[in-house]
Amino acid sequence: MDLPQHYRQLTRYDEWANLEVITALRAAGSPLDRSRKLVAHIVGAEYVWLTRIRQSSSPYPVWPDLTLDECGREVPSLAKGWRDLLSEGNVLDRSIQYRNSKGEAYDSLVRDILTHVFMHSAYHRGQIASDMRQNGVTPAYTDFIHGVRQGLVE
C-alpha cells in the first residue's frame with residue numbers, strides 16, 4: 001500500500017467511525033450535549049481544514065452548533081471531499097498556506113494536515129466514548145483495527 005492509498009483508507013475509517021459514533025449517540029436515547037458538541041466540532045474542524053486546502057470558505061466554524069442529524073448528513077459529504085482531494089495527483093506533497101483561527105500564518109503539507117485531521121477526530125471520538133461511559137451509555141467501538149478486521153474499513 002502506498003501513501004495515497006493509506007490516506008484513502010484513513011478517509012474511509014474516519015467516515016465509518018464518525019457515523020458509528022453518531023449512531024451510538026442516537027441510540028443512547030438521552031441527550032448527551034457534550035458528546036453532540038464534540039461530534040459537531042469534528043465536522044466543523046474537518047470542514048475548516050478541507051477548505052483551507054481548497055482555499056475556499058468553510059460552511060461552518062470550528063465549533064458549530066449542529067444536531068446529530070446535521071452531523072450525520074455532513075460526514076459523508078466530508079468523506080467525499082477528502083476522497084476527491086486524494087484523487088488529485090501529487091496532492092500529499094502540496095504545501096498549503098493558511099491562517100489559523102488566531103490569525104497566525106502557517107504553511108503545511110497536505111499529508112501533515114490529513115494526519116492531523118484524522119488524529120484530531122480520533123482524539124475527540126475518545127472523549128465522546130468517555131462521556132458516554134460516564135453517563136451509563138455504551139459507546140461505539142471505533143478502533144481502526146476493529147474496522148479493518150471486520151471488513152468495515154478497506
Worksheet item: According to a 4.5 Å side-chain heavy-atom criterion applied to Ile, Leu, Val, Met, Phe, Trp and Tyr, with indirect links allowed, do Leu68 and Trp63 form part of one hydrophobic cluster?
Response: yes
Practice prompt. Give, for atom CG of Leu10 and atom CZ of Phe144, the distance between the pair rounded to the nearest 0.5 Å.
Written response: 5.5 Å
Worksheet item: Is Tyr123 reachable from Ile128 through a run of hydrophobic residues whose side-chain heavy atoms are each under 4.5 Å from the next?
Response: no
Worksheet item: Between Thr51 and Val48, is there a donor-acceptor pair closer than 3.5 Å when you use the side chain of the first and the backbone of the second?
Response: yes
Worksheet item: In the single-linkage hydrophobic clustering (I, L, V, M, F, W, Y; side-chain heavy atoms under 4.5 Å), do Tyr7 and Leu152 co-cluster?
Response: yes
Discussion item. When you compare the side chain of Leu38 with that of Asp131, does any pair of heavy atoms fall below 4.5 Å?
Written reply: no
Discussion item. Are Leu19 and Val148 linked, directly or through intermediate hydrophobic residues, by side-chain heavy-atom contacts shorter than 4.5 Å (ILVMFWY only)?
Written reply: yes
Practice prompt. Could you check if a side-chain atom of Ile96 sits within less than 4.5 angstrom of a side-chain atom of Leu109, using non-hydrogen atoms only?
Written response: no
Discussion item. Return the CG to CZ distance between Leu66 and Arg36, rounded to the nearest 0.5 Å.
Written reply: 8.0 Å
Worksheet item: Do you know the tightest heavy-atom contact between Pro139 and Ala24?
Response: C-CB, 4.5 Å
Worksheet item: Roughly how far apart are Leu50 CG and Ser56 OG, rounded to 0.5 Å?
Response: 7.0 Å
Worksheet, complete the sentence: By ring-ring contact (aromatic ring centres under 6.0 Å, His included), Tyr141 pairs with (sequence neighbours left out) His146
Discussion item. Can you tell whether the side chains of Asp84 and Arg54 come within less than 4.0 Å, N to carboxylate O?
Written reply: no
Discussion item. Can you confirm whether more than 12 heavy atoms, excluding those of Gln5, are under 6.0 Å from its CD atom?
Written reply: yes
Worksheet, complete the sentence: Output for pair (Ser58 OG, Glu46 CD), nearest 0.5 Å, gives 11.0 Å
Practice prompt. Just jot down the ring-ring contact (aromatic ring centres under 6.0 Å, His included) partners of Tyr47, sequence neighbours excluded, or say none.
Written response: Tyr60
Discussion item. Side chains of Asp107 and Tyr98, heavy atoms from C-beta outward: is any pair under 4.5 Å?
Written reply: no
Fill in: Heavy-atom closest pair, residues Cys71 and Ala40
SG-CA, 3.7 Å
Worksheet item: Is there a side chain to side chain contact (heavy atoms under 4.5 Å, CB included) between Leu114 and Trp82 once you walk through the steps?
Response: CA-CA 9 Å; Leu114 288 171; Trp82 294 124; 3.5 Å; yes
Worksheet item: Salt bridge or not for Arg26 and Asp69, using N-O below 4.0 Å?
Response: yes
Practice prompt. Give the ring-plane orientation class for His124 versus His120, where under 30° counts as parallel, over 60° as perpendicular and anything between as tilted.
Written response: perpendicular
Worksheet item: Does Glu74 reach the side chain of Asn18, with side-chain heavy atoms less than 4.5 Å apart?
Response: no
Worksheet item: What's the shortest heavy-atom distance between Ser35 and Leu25, and which atoms?
Response: CB-CD2, 3.6 Å
Discussion item. If the threshold is 4.0 Å, N to carboxylate O, is there a salt bridge linking Asp14 and Arg125?
Written reply: yes
Worksheet item: Given the rule in the side chain to side chain contact (heavy atoms under 4.5 Å, CB included) test, do Arg34 and Gln127 qualify, once you have shown the distances and angles that lead to the verdict?
Response: CA-CA 9 Å; Arg34 180 174 185 269; Gln127 288 182 307; 3.9 Å; yes
Worksheet, complete the sentence: To the nearest 0.5 Å, atom CZ of Arg94 lies from atom OG of Ser108 at 14.0 Å
Worksheet item: Are Val62 and Tyr106 co-members of a hydrophobic cluster defined by side-chain heavy atoms under 4.5 Å apart?
Response: yes
Worksheet item: Mind checking whether Leu32 and Met132 have side chains closer than 4.5 Å, heavy atoms only?
Response: yes
Worksheet, complete the sentence: In terms of heavy-atom contacts, Glu70 and Asp65 come closest through OE1-O, 4.2 Å
Worksheet entry | salt bridge (Lys or Arg N to Asp or Glu O under 4.0 Å) against Glu15, all qualifying residues, sequence neighbours excluded | Arg83
Discussion item. Quick one, Pro4 and Leu86 - any side-chain contact, counting heavy atoms below 4.5 Å?
Written reply: no
Practice prompt. Keeping the roles fixed (side chain from Asp143, backbone from Ile145), state whether a donor-acceptor pair exists under 3.5 Å.
Written response: no
Worksheet entry | Worked verdict on Val75 versus Val39 for side chain to side chain contact (heavy atoms under 4.5 Å, CB included) | CA-CA 10 Å; Val75 166; Val39 171; 5.8 Å; no
Worksheet item: Would you say Thr11 and Leu78 make side-chain contact, with heavy atoms under 4.5 Å?
Response: no
Practice prompt. Output, in order, the C-alpha distance, side-chain angles, deciding distance and verdict of side chain to side chain contact (heavy atoms under 4.5 Å, CB included) for Lys37 and His41.
Written response: CA-CA 6 Å; Lys37 287 177 182 177; His41 172 61; over 6 Å; no
Worksheet item: Side chains of Gln9 and Val153: does their closest heavy-atom pair fall under 4.5 Å?
Response: yes
Worksheet, complete the sentence: In this structure, CD of Glu154 is separated from CH2 of Trp16 (nearest 0.5 Å) by 12.5 Å
